[in-house]
Amino acid sequence: MLAAVENKSASVEAKPVLRVEGLKAYYQMNYFGVRREVRAVDDVSLTIKRNEIYGIAGESSSGKSSLIKTIAGAITPPLRVVEGSVKFDFGGKELDVYAQRPAMKAARWKHLSYVMQGSMNVLNPVRKVKHAFHDFAFKHMGLSEGEFRARVESHLQRIGLDPRVLESYPHQLSGGMRQRLTIGLATVCEPEFIIADEPTTALDVLVQQDVLALIKGVQQRMGSSIIFVTHDMTVHAAIADRIGIVYAGRLVEEGPTLDVFQRPQHPYTAHLIASLPRIGDTRKRVALGGKPPNLADPPSGCRFHPRCPLAVDKCKSENPALLPRNSGRVACWRAGEVEAA
Amino acid sequence: MTALLELQDVNKDYRVGGFLDRSTLHAVKHVSFTLDAEKPEIFTVVGESGSGKTTTARMILGNEVPTSGTLRFMGKDIAQIRTRQERLEFMARVQPIFQNPFEAFNPLTTLDYYLFSTAKRFLGLKDKVAVDAATDKALQHVGLSLAEVRGRYSHELSGGQLQRIAVARALIPGPKLIVADEPVSMVDASLRMSIVNLFRELRDTLGVSIIYITHDLSTAYYISDRVIIMHKGDVVEAGRAEEVLGNPSHEYSRALRSAVLPPDPVVASAIIREKLRAV
Amino acid sequence: MFKILRDLLRYNIEFTIGFILTLAIFLFALAHFWAPMPDTAIYLLPPDMPPSAEYWFGTTSRGQDVLWQMSSAIWNTMLFGLSVTILSRLFAVAVGMISGYLGGKWDEFLMTINDTMIALPNIPILLLVYFVMRDQMSWPVLALTAALLGWNYDARLIRSVTLSLRNREFTRHAVFAGMSVPQILVRQHLPYVMPVIFFTAMNNLIWAIGLEVTLSVLGFSDINRPTIGGMIYWANQHQAIIAGIWWWIAFPIIAVVLLFLGLFLLAISVNEYIDPRSRLSRMGA
């Protein structure tokens, strides 16, 4: 039913670049008779428009990393897609990540690229930076060696890097420069969709803003869409157009960034925002009680109910669906009362 | 005033590099500060990675020996602690909290093993009932009880709970000083404030001084009494938290202060747009 | 213990096969205690009889029953091999963990000994011991000598594991929780070292049995006491292969191969079971 609502609204606007429908991805493990199923992504539906930055917020082991791994089609057992679909739309051509693997492989890097958390995972420490560009991007661009080199150099210049970095080894560069490089690497083919996993977490505070500005700038120039994950709410505040809040494998709230921060509709979001410390404010912050849910044995009904100050009996038995409300969507039986509380 | 901890012109150098390009890294340069024994406080060391803040913490804990200068704890030079007995006496007064609560407890050992070991070694308790009582008392201070922790492994609890257990363990010997190196950087936002609030309570109710080491200016502002800002081994600014963090005067501290994004989409996105225009 | 065995048998096919093979060969070797004739006696039976209903695995040129010789030989060889393995594991664990954890002068001292031992050639040393000991040379002495030669590489391996564990935060935490060095090594580090011990034990066992066979074939051991190497020695002396007495050599070798296979399967499946990652998964981490 939910998908139907979305389809209708989607057909009115421009076609979304990514459509995730009823996605369930579980870790299924079996060790010496101990069978475990961890529901890391549990019935998530979302769409991402063109020219949009979508931030996914959530805490450790909420399933946010599993969600973007599943969207990227980069999952390995024991994580498996149990149900649902992930569909990209690249230039009017629909691509189902889990049904059209060969086409998906061809689209990688050209249409869909990644910015990884640790830059050293992408840059080989014993090879010069230029080889990384060659390995990742050359075959997708259909250019001669000379043209390719020229393109890479002008691209680097545009993101504020001296083209001479191509001749250096990763360890000769600073952390901020390396992260710039990985962003350069991910954007050199001008992809329509970029997936980023904690793009600023490993960085020093002083370069964080520059890297965020770089991501935003590249995105605006190319008109591409970005989905990124981070637990740092200030990063979402700085660059996301819309935010999705993940709790215990489920999307519990989604909406335009400003609205989520100023008028959170889910009690979990409300708490998350209220607990953020600010310089210049020493008023006592109250921490959330209870313990984060165990995804191998999640609470019944609404998964937030054991920690929720607004929980009623209904929350314990029935799982609220993610329904449109105000400018976004929210999954809470008492959504209307959160603002009042 | 009697000093609890006194650092006098502390320096630490490391030899780095191989045979051919050997050089000296000055990790900590001329650091001096004093904590008052009568007035417990939260003393914060702010710095980025490579600022020397962790090296300073390790020297205070006696895990590193300074190249020059002295660190005195209750009048005694920390570098002169030699015998196991002296070391145990020192550890009963100065306890650490580590960065990653999932790393700080061995995943294959039950959590209570750390608590019981601390109670037995530092309080000299032999009797099981007494050990349990001492452990439970410490856990009560952090809002937990032995019944919740006994026989559990680290993966069964959240990062916030583990960090509180780590604090409880540090409290068992009745320490005067707790050195917490990035204690909340790996803890989820919804649980982070419970740890930070706990530090305030320890200072106010138990009279424990806390050295809080962090790169996060927002929590530093929230709990600190005094702050020093370190940059490449130097202390660039020191003073009361509201002044140093609210209105920094040194060039580096100002840069650090303006690098903090506020959790407010209007202001934060404006900062990013400003940066974009500047490029 | 029983529950672990049951779990392993039920859910791990490698363990089940390994367990059955090893148990069968163990029972076969155990049977030599009830052998109808003493295993050192010769020319009690007609020599060179091929396998038949009466002599299942045939008889040797020395008038011995291959079946009962094998039973004793496997027992003796395994006793030697396991003694070497257990002793050398003890040396390796002690030296590796102490050296890795304490570091500094201890590490330098122990690793100097270790590296010196690695440089020494095994066979000449064993021959030297044999010539010095002469008549006092018994299998326990040989086992001890082999064990002293067989721990060095593994000590280095265990040292490197301990070295990385020493820098983990939980080790520092343990120190500040007042734990003593033995407590830290046994309670905190040993679970991570166990897989290395099991893994290297298998290699070491194969090496020890190989060494025993080599020395026996050369005749540098108590040749009257039946062992796998001893059987090959006598078969060689009587030119069994040229004479076509294949059963004298073939059956012992098949038995040893099966035994290795069984032990190998046991080692890898137990290793999977005690591996910290698999343990944590079973605990629900």
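Values in this document were obtained by computation on a predicted structure and should not be read as measured data. Letters A, B, ... mirror the listed sequences (proteins, then strands); counts begin at 1.
Rounding to the nearest 0.5 Å places CG of A:Leu206 at 8.0 Å from OG of B:Ser258. With rounding to the nearest 0.5 angstrom, the OH atom of B:Tyr221 is 8.0 Å from the CG atom of A:Asp281. Atom CG in B:Leu245 sits 6.0 Å away from atom CD1 in A:Ile279 (nearest 0.5 Å). For the atom pair A:Arg278 CZ and B:Tyr222 OH, the distance stands at 13.0 Å (nearest 0.5 Å). Atom NZ of A:Lys216 and atom CZ of B:Arg273 lie 7.5 Å apart (nearest 0.5 Å). Taken to the nearest 0.5 Å, the CG atom of B:Leu276 stands 8.5 Å off from the CG atom of A:Leu214.
A:Ala213 and B:Lys275 get closest at one heavy-atom pair: CB-CB, 3.7 Å. For the residue pair B:Pro262 and A:Ala237, the shortest heavy atom distance occurs at O-CB, 4.3 Å. Counting all heavy atoms, side chain and backbone alike, B:Pro263 lies closest to A:Leu276 at CB-CD1, 3.4 Å.
For B:Val196, no part lies under 4.5 angstrom from a heavy atom of chain A. Heavy atoms closer than 4.5 Å to chain A are found in both the backbone and the side chain of B:Ile272. Looking at B:Glu242, there are no atoms closer than 4.5 Å to chain A (heavy atoms on both sides), in backbone or side chain. In this structure, chain A has a heavy atom under 4.5 Å from the side chain of B:Gln161, while its backbone stays farther away. Residue B:Tyr252 touches chain A through its side chain alone, counting heavy-atom pairs closer than 4.5 Å. Heavy atoms closer than 4.5 Å to chain B are found nowhere in A:Asp232, neither backbone nor side chain. Proximity to chain B is limited to the side chain of A:Arg307, based on heavy atoms less than 4.5 angstrom apart. Looking at A:Leu258, both its backbone and its side chain come within 4.5 Å of chain B, counting heavy atoms on both sides.
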Assess whether side-chain contact (heavy atoms from CB on, under 4.5 Å) is satisfied between A:Gln262 and B:Val266, documenting all intermediate values. CA-CA 10 Å; A:Gln262 292 182 341; B:Val266 180; 4.1 Å; yes

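Note: A:Thr234 leads A:Thr234, A:Asp210, A:Thr257 in heavy-atom pairs under 4.5 Å with chain B. By number of non-hydrogen pairs under 4.5 angstrom with chain B, the leading residue of A:Ile239, A:Val235, A:Val205 is A:Val205. The candidate from B:Ala268, B:Ala241, B:Pro265 with the greatest count of non-hydrogen atom pairs under 4.5 Å with chain A is B:Pro265.
No more than 12 heavy atoms of other residues, nucleotides or ligands shown are found within 6.0 angstrom of CD on B:Glu251. Within 6.0 Å of NZ on B:Lys29 lie more than 12 heavy atoms contributed by other residues, nucleotides or ligands.
Looking only at distances, no side-chain donor or acceptor of B:Asn197 sits under 3.5 Å from a matching main-chain atom of A:Val286.
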